[in-house]
Novice: 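Dropping the structure in here first, questions after.
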Amino acid sequence: MGIIAAQSPVHARALADLVGNGDASIPQAVAGALLPLVTQLEHLDVEIKEADAAIARLAKADPVANALMSIPGIGPVTASALVASVGDPSGFSGPRQFAAFLGLVPRQNSSGGKPRLGRISKMGNAYLRKLLVVGAHAVLFHRARHADPLRCWAQKLMETKPFKLVAVAIANKLARIAYAVMTTGTSYRAAKA
């Protein structure tokens, strides 16, 4: 039809708007064939919004998830996933073991008393690791507006390290903070820088 669009949800929505609005450049037969897909996409959007609202309500009702949401970069989805996946954090010996459970600690290749840290292990819960890394990206994108120690530390790292490496380091720190919040039952309070 001569309409070229990149593959992504944003571009699919733009094409759906063209079909839904009855654009003259799209033949009527093609628009009629695509209209059921457009309505299905609209229903899917409504169902996703309802599911997000339900997750947010459940996270606010749960005291542990509510405390986890006080951590920068952790929203209702991440908080509810942490509560559902971890349950009782007392099964971990400490925050490093919790971060290792998520696959966010560097591999250690030590020899002769000389520690060498490598890439993160990526062993463990991939879904929670992904959620924490996405939350770390949010922390990094909004670091200029805040002056808490976490974001100041991130700013110092950004001066010498690449963005994604810093994001994984912050995800590691967020996992350790989440462990502390889950074991103490208190909300996160950022210390003054």
Side-chain angles (χ1 to χ4, degrees), residues 8-10 43-110 115 117-143 146 148-154 157-158 161-191:
S8 76
V10 173
H43 289 300
L44 190 61
D45 287 340
V46 170
E47 289 178 11
I48 288 172
K49 285 179 185 175
E50 289 173 358
D52 284 343
I55 290 171
R57 280 193 305 275
L58 289 172
K60 285 194 179 228
D62 186 338
V64 176
N66 204 10
L68 285 170
M69 287 190 299
S70 65
I71 302 170
I74 295 183
V77 173
T78 307
S80 60
L82 280 168
V83 169
S85 296
V86 174
D88 184 21
S90 64
F92 299 101
S93 63
R96 189 182 196 290
Q97 188 184 25
F98 180 69
F101 164 73
L102 300 174
L104 286 169
V105 295
R107 288 181 188 256
Q108 293 185 359
N109 299 317
S110 303
L117 299 178
R119 298 173 183 256
I120 63 168
S121 64
K122 293 188 182 178
M123 308 281 279
N125 194 322
Y127 179 66
L128 289 176
R129 182 174 56 251
K130 176 183 168 187
L131 288 175
L132 286 171
V133 170
V134 168
H137 277 103
V139 169
L140 281 175
F141 283 130
H142 302 290
R143 70 184 179 277
H146 303 279
D148 59 306
L150 178 68
R151 291 180 180 109
C152 291
W153 177 74
L157 278 180
M158 286 294 295
K161 305 286 184 200
F163 183 86
K164 289 191 177 186
L165 188 133
V166 175
V168 171
I170 289 176
N172 184 346
K173 197 168 275 279
L174 290 178
R176 292 169 187 242
I177 293 170
Y179 173 81
V181 166
M182 291 173 78
T183 54
T184 62
T186 60
S187 294
Y188 172 76
R189 291 179 306 276

Novice: Mind listing the side-chain donor-acceptor pairs of residues 161-174 below 3.5 Å, one per line with the distance, residues two or more places apart or on another chain?
Specialist:
| residue | atom | partner | partner atom | Å |
| --- | --- | --- | --- | --- |
| N172 | OD1 | R176 | NE | 2.7 |
| N172 | ND2 | L104 | O | 3.0 |

Novice: Tell me the ring-ring contact (aromatic ring centres under 6.0 Å, His included) pairs involving residues 60-89, sequence neighbours left out?
Specialist: none

Novice: Can you name the nearest heavy-atom pair linking A59 to A65, along with the distance?
Specialist: O-CB, 3.5 Å

Novice: So which pairs with a foot in residues 67-98 pass ring-ring contact (aromatic ring centres under 6.0 Å, His included), sequence neighbours left out?
Specialist: F92-F98, F92-F101, F98-Y179

Novice: Working to the nearest 0.5 Å, report the span between CG of D88 and OG1 of T183.
Specialist: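 It comes to 10.0 Å.
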
Novice: Got a sec, which residues hit salt bridge (Lys or Arg N to Asp or Glu O under 4.0 Å) with R143, two or more places apart in sequence or on another chain?
Specialist: none

Novice: List the atom pairs, donor and acceptor, that lie under 3.5 Å between side-chain atoms in residues 68-85 and the rest of the protein, sequence neighbours left out.
Specialist:
| residue | atom | partner | partner atom | Å |
| --- | --- | --- | --- | --- |
| S70 | OG | A67 | O | 2.5 |
| S70 | OG | Y188 | N | 2.8 |
| S80 | OG | P76 | O | 2.9 |
| S80 | OG | V77 | O | 3.0 |
| S85 | OG | A81 | O | 3.0 |

Novice: Which atom names give the shortest non-hydrogen contact between L102 and R129, and what distance separates them?
Specialist: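 The answer is O-NH1, 2.9 Å.
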
Novice: In chain order, what residues pass the side-chain contact (heavy atoms from CB on, under 4.5 Å) check against I48, with sequence neighbours excluded?
Specialist: L44, D52

